Amino acid sequence: MTTTTMSTSSSPALRMMRLRPRSAQERSKIRAAYMLLAPFLILFLCLIILPLGFTLYLSLYTEPLIGPVRFVGFDNYVRALTDPVFLAGLGRVLLILFVQVPIMMGLALLLALSVDSGRVRGAKAVRLLVFLPYAVPGVVAALMWGYIYGPDFGPVSQIGRALGFGSINLLAPENVLGSIMNIITWSFVGYNMIVFYAALRSIPPEVIEAADIDGAGAIRIAWSVKLPALRPAILLVTVFSIIGSFQVFAEPSLLQVLAPSSIDSGFTPNLYIYNLAFAFVNNNYAAAVSFLVGAIIVVIAYAVQLTSSRAARR
Amino acid sequence: MKSKHIPHRLLVAAALFTGFSVALTGCAGSSNGSETEASDRVSQAEIDKAMSTETTITYWANVPGLQEYVDRFEEKYPAITVNLEEVADRSVKLRTALDAGTGAPDVAQIDIQGVPSYIVNGDLLDLRPYGAEELGPDYVDWAFEQMKGAGGEVFALPWDSGPVGMLWREDLLAEAGIDGVPTTWEEFAADAETYKAETGQYLGVFGAETFNVLFWQKGLQPFSYDGAETVGIDVNSDEATAIGAYWQDLISRDLIATDPGFTDQWFQGLNTGKYASVFSAAWLPLFIQEPLADTVGKWSVTELPQWEGEAAASGNYGGSANAVLATSENPIPAYELVKFISHEQENAKSFAINQSLFPVLKSVLADADWSGKTDEFFGGQAINEVFAEISSTVDPDWQWLPFNDAFNTSLGDDVGSQVEVGGDIVAGLNAWQETLTSFALENGFTIR
C-alpha cells in the first residue's frame with residue numbers, strides 16, 4: 001500500500017491554513033467530528049489503554065502470598081529475559097514464525113495463483129473448501145486434530161499401522177511442534193488465500209493481457225506480473241502472521257491434556273503468561289512477560305513494515 | 001515544528017496520566033482478608049434471629065442434582081433464599097473474585113486439596129463460633145484434620161472424599177495365567193512382567209498425579225503447612241525417590257502404560273482391555289460406567305497393593321468441602337447451609353446413594369443400606385464396603401501445600417513430563433523439589 005504523506009505538510013501555505021481563525025461553521029464541523037469519534041475513543045480508552053496501563057503498573061510490583069506488595073521496578077523484566085522457560089517458549093514461536101509462516105504463505109500464494117489463473121475447474125468449490133477450515137473455531141480444530149493425532153485410535157496412526165509403519169506418535173515431544181504448525185497452517189491457509197485472491201482480482205486485466213500478448217506463459221505472468229502486484233497483500237499477511245505466531249495459545253493449551261509429557265506450562269509465551277497468572281498466582285510477573293512479548297511483536301512487525309516500504313521505494 | 005496543536009495534545013496526555021495515577025493508587029495495596037478472631041460462640045438466639053431474617057446468600061458448587069437439596073434448605077428456612085450457581089472453572093473464578101474484593105459468594109465448594117490455598121490468604125471464615133468444632137468427631141479423622149488452621153480454626157466442613165483403591169480385570173489376569181490379584185507392590189512388579197510376556201498388553205496405567213497417593217500410602221509427609229508462614233517440602237527424600245524409581249523401572253521396561261487419564265485414549269484403553277487394572281478413587285466408578293460399557297460385570301475393586309510387611313494403608317485423591325468465605329455478610333445463614341449440605345445425616349446418605357459422593361461422615365460409612373449396595377458393573381460386588389474399609393486406612397497426618405494450582409502445574413511440568421518411556425522420574429522429583437522450594441521462598445514462606 002502506498003504510504004500517505006502525513007508529516008511532510010511543511011509548506012507555509014498549509015501552516016497558515018491551520019493557524020487562521022476558524023469560522024463558526026468550521027468549528028461546529030470539528031465538534032461534530034470529535035463527537036462521532038467519542039464512542040470509539042471512550043471504548044478505546046477503557047478497554048485498551050486503561051488495562052494496558054494497569055498491566056504496566058502491575059509489572060513494576062510484586063505481591064507474594066506472604067508479605068506486602070513491593071515495588072520492584074524492572075526486576076520482573078530482567079527475570080523474564082533470563083528465564084529459561086520463557087526463552088524456550090519464545091524460541092518455539094520463532095520457529096513457528098520462520099518455518100510455518102513461509103510454508104503457509106507459499107501454499108496460500110500457490111492456491112490463489114492457481115485459482116486465479118482460470119485453468120482450475122470448479123475454482124469456486126476449491127476456494128470454499130480451502131476456506132472452510134478457517135470457519136472452524138480454534139478450539140474445535142485443536143480438539144479434532146488431537147483426536148486425529150491420537151497414537152492408538154487416531155486415523156493417522158490407524159492408517160500408518162495398516163500400511164505397515166507402526167504407530168506414529170505425532171504428539172511425542174519431538175513431533176508436537178510440527179503437529180501444532182500443521183494445525184495452524186490448516187486453519188489459516190484458506191484465509192490467506194482469499195486475501196491474495198482478492199488482491200489478484202484487483203489487477204487490471206489489461207496488464208495481464210499485455211503480458212499474454214508479449215508471449216508470457218502462465219507461470220511467467222504469475223512471477224513477473226502478479227507477484228509484484230501482490231506485494232502489499234503479502235506484507236499484510238506477513239504482519240498478521242507474525243502477530244499470530246507469537247500468540248499461539250489454543251493449540252498447546254488443548255493438546256496439553258492429551259500429551260502432558262510433550263507440552264509444559266511454558267510451551268509458548270501466551271501459555272506461560274496464562275499459567276503464571278492463574279496457576280503460579282504471579283500476576284505481576286505475568287504482566288511483565290506480556291509487555292515484553294508485546295514489545296517484541298511491535299518491534300518485529302514494525303521492522304518488517306519498514307524494510308518492505310524501503311524495498312518498495314527502491 | 002511548533003503549532004497550536006502540540007500544547008493541546010500535551011494537556012490531554014497530562015490529564016490522562018494524572019487520571020491513571022489517581023486511579024491506580026486506589027488499586028495499590030493488597031486486600032487482606034478479614035481477621036478471624038477466636039471470638040465467642042454465637043448464641044442460639046442470634047442464630048434464630050438471623051435464620052428468620054429475610055436474607056439472600058450465594059452458593060457456588062458443581063454437583064448434579066444439588067438444586068433439590070438447596071430447595072429443601074429453603075423450605076426449612078423460608079426467610080433464606082439461596083442462589084445456587086453452577087460456576088465452571090470454580091477455583092479460577094473464586095480466586096479472581098477474592099483478589100478483586102467483590103463478587104465472591106457466601107458459600108463455596110472447595111477441593112479438599114485446595115483448602116490450605118484459601119487459608120493462606122485469609123479467604124475463609126473460622127466456623128468455630130458457629131459450632132463447627134463439635135462436629136469433628138462425626139467425620140473421618142483425616143478429612144476433618146485437613147480443614148484446620150494454625151490456631152485450631154475450622155475453616156470448612158468436608159463433603160465428599162476419594163479414598164484410593166484399584167480396579168481389576170480379573171478375567172484378563174486369569175487369561176495370562178496370573179492367579180489372583182497382586183496384594184503387594186513386589187508381586188505387582190512381577191505380575192506386570194508376566195502379563196506383558198503372556199499377552200503383550202499392560203498390567204496397569206500410571207500418571208504423575210498418582211505419586212501423591214503413593215507417598216500418602218507410604219506414610220511419608222512430603223508436604224506440610226503450619227497454617228501461617230512455614231511450609232515443609234520434601235518430595236525427593238530417599239523413600240519418595242525409591243517409589244519414583246520403582247515406577248520408572250516398570251515404565252522403562254514398557255510394562256505399564258502412561259496414557260494421560262480421562263482422555264479418549266485412556267477410556268478406550270480401559271474399554272478394550274489394553275490395561276488390566278487402573279488406580280481408582282472412590283468416585284471413579286461413576287465416571288467409567290458409560291465409556292466402559294463393553295466391560296460391564298468384568299471389573300472388581302480391591303485395596304491398593306501394599307509394601308511387603310507394612311500395614312494396610314492408602315491415600316485420598318479428590319473430594320471436596322464446603323466453606324464460608326470471609327467476605328460473606330451473612331455468616332450465620334451461610335454456615336447453616338454448609339452444615340445442612342455437609343453434615344445433615346439424611347442429606348449425606350442421599351448424596352452417597354444418589355449422587356455417588358463418597359461419604360466422609362462415619363455414620364454414613366457404617367450405614368448398611370449404603371455399604372451393602374451391589375453394583376452390576378462390578379459383577380455384583382458391594383464396592384462401597386471396600387472403599388469404606390480403605391477410607392479407614394487413610395493416614396490423618398497428611399497435609400497439602402497452600403499453593404495448590406502451582407503445585408499441580410509444576411507436578412505436571414517436572415514429574416509428568418518424565419512419566420514416559422525414556423524419562424527419568426527421579427530427576428523429575430528433584431526438579432519438582434527445586435520448583436516448589438523456590439516458589440515457596442519467592443512468596444515469602446519459610447521452609448522448615
Side-chain angles (χ1 to χ4, degrees), chain A residues 7 9-10 14-15 18-19 41 45 49-50 52-54 56-58 60-71 79 85 143 146-147 149-154 157 169 171-173 255-267 272 274-283 285, chain B residues 1 3-5 16-17 19-21 23-25 27-30 32 89 91-92 95-96 99 117 120-121 207-208 228-229 258-266 268-269 272 274 402-410 412-414 416-420 423 435 439-446:
Chain A
S7 53
S9 52
S10 49
L14 277 165
R15 258 187 286 159
R18 276 206 234 125
L19 293 179
L41 284 176
L45 185 72
I49 302 296
L50 278 178
L52 273 178
F54 186 61
L56 186 61
Y57 162 82
L58 271 182
L60 301 174
Y61 286 76
T62 185
E63 187 176 344
L65 283 172
I66 307 279
V69 179
R70 271 188 354 254
F71 178 77
R79 178 180 166 187
V85 179
L143 290 173
Y147 160 70
Y149 290 148
D152 278 353
F153 303 99
S157 269
N169 189 0
L171 294 175
L255 291 179
Q256 189 176 31
V257 181
L258 301 174
S261 57
S262 307
I263 297 178
D264 69 333
S265 65
F267 195 76
Y272 191 41
Y274 175 82
N275 281 311
L276 279 175
F278 292 109
F280 295 104
V281 283
N282 198 342
N283 292 328
Y285 187 43
Chain B
M1 188 186 88
S3 83
K4 275 206 185 129
H5 293 277
L16 278 174
F17 187 77
F20 279 150
S21 322
L24 296 177
T25 43
C27 312
S30 58
N32 57 358
D89 235 355
S91 66
V92 170
R95 172 55 45 213
T96 312
D99 279 350
S117 304
V120 73
N121 286 319
E229 295 186 9
T258 54
D259 301 317
F262 296 95
T263 58
D264 192 54
Q265 173 109 346
W266 182 81
Q268 291 297 328
T272 57
K274 182 178 170 189
F403 31 87
N404 198 35
D405 295 314
F407 177 89
N408 285 327
T409 307
S410 57
D413 285 347
D414 296 331
S417 57
Q418 301 299 332
V419 174
E420 50 161 11
T435 309
F439 182 86
L441 288 171
E442 195 181 281
N443 275 282
F445 289 98
T446 319

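All chains are named by letter (A, B, ...) in the order of the sequence lines, taking the proteins before the strands, and each is independently numbered beginning at 1. As the structure is a prediction and not an experimental result, all values here were calculated from the model.
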**OP:** With sequence neighbours excluded, tell me which residues meet salt bridge (charged side-chain N to carboxylate O under 4.0 Å, His left out) with A:Arg79.
**Re:**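 For A:Arg79 the salt bridge (charged side-chain N to carboxylate O under 4.0 Å, His left out) partners, ignoring immediate neighbours, are B:Glu442.
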Interatomic spacing from [atom1] in [X] to [atom2] in [Y] - rounded to 0.5 Å:
X        : Y        : atom1 : atom2 : value
B:Asp89  : A:Phe278 : CG    : CZ    : 8.5 Å
B:Asn443 : A:Asn282 : CG    : CG    : 7.0 Å
B:Asn408 : A:Ser265 : CG    : OG    : 12.0 Å
A:Leu65  : B:Phe439 : CG    : CZ    : 5.5 Å
A:Ile66  : B:Leu441 : CD1   : CG    : 12.0 Å

Quick one: closest heavy-atom pair of [X] and [Y], and the distance?
X        : Y        : value
B:Gln265 : A:Phe153 : O-CE1, 3.9 Å
B:Ala406 : A:Phe280 : CB-CD2, 3.6 Å
B:Gly444 : A:Pro64  : N-CB, 4.4 Å
B:Thr409 : A:Ala279 : OG1-CB, 3.1 Å

Subject >> Which portion of A:Pro151 sits near chain B, non-hydrogen atoms under 4.5 angstrom >> reply: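 Both parts, heavy atoms under 4.5 Å.
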Original post:
What option among B:Thr263, B:Asp413, B:Thr96 has the most heavy-atom pairs under 4.5 Å with chain A?
Top reply: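 Looking at each of B:Thr263, B:Asp413, B:Thr96 in turn, B:Asp413 comes out on top.
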Original post:
For B:Ala440, is it the side chain, the backbone, both or neither that has a heavy atom under 4.5 Å from a heavy atom of chain A?
Top reply: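 For B:Ala440, there is no contact with chain A at all, as no heavy atom is under 4.5 Å.
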**OP:** Not counting sequence neighbours, which residues clear side-chain contact (heavy atoms from CB on, under 4.5 Å) with B:Pro402? List them please.
**Re:**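 By the side-chain contact (heavy atoms from CB on, under 4.5 Å) rule, B:Pro402 matches B:Pro116, B:Val120, B:Tyr225, B:Val231, B:Phe445.
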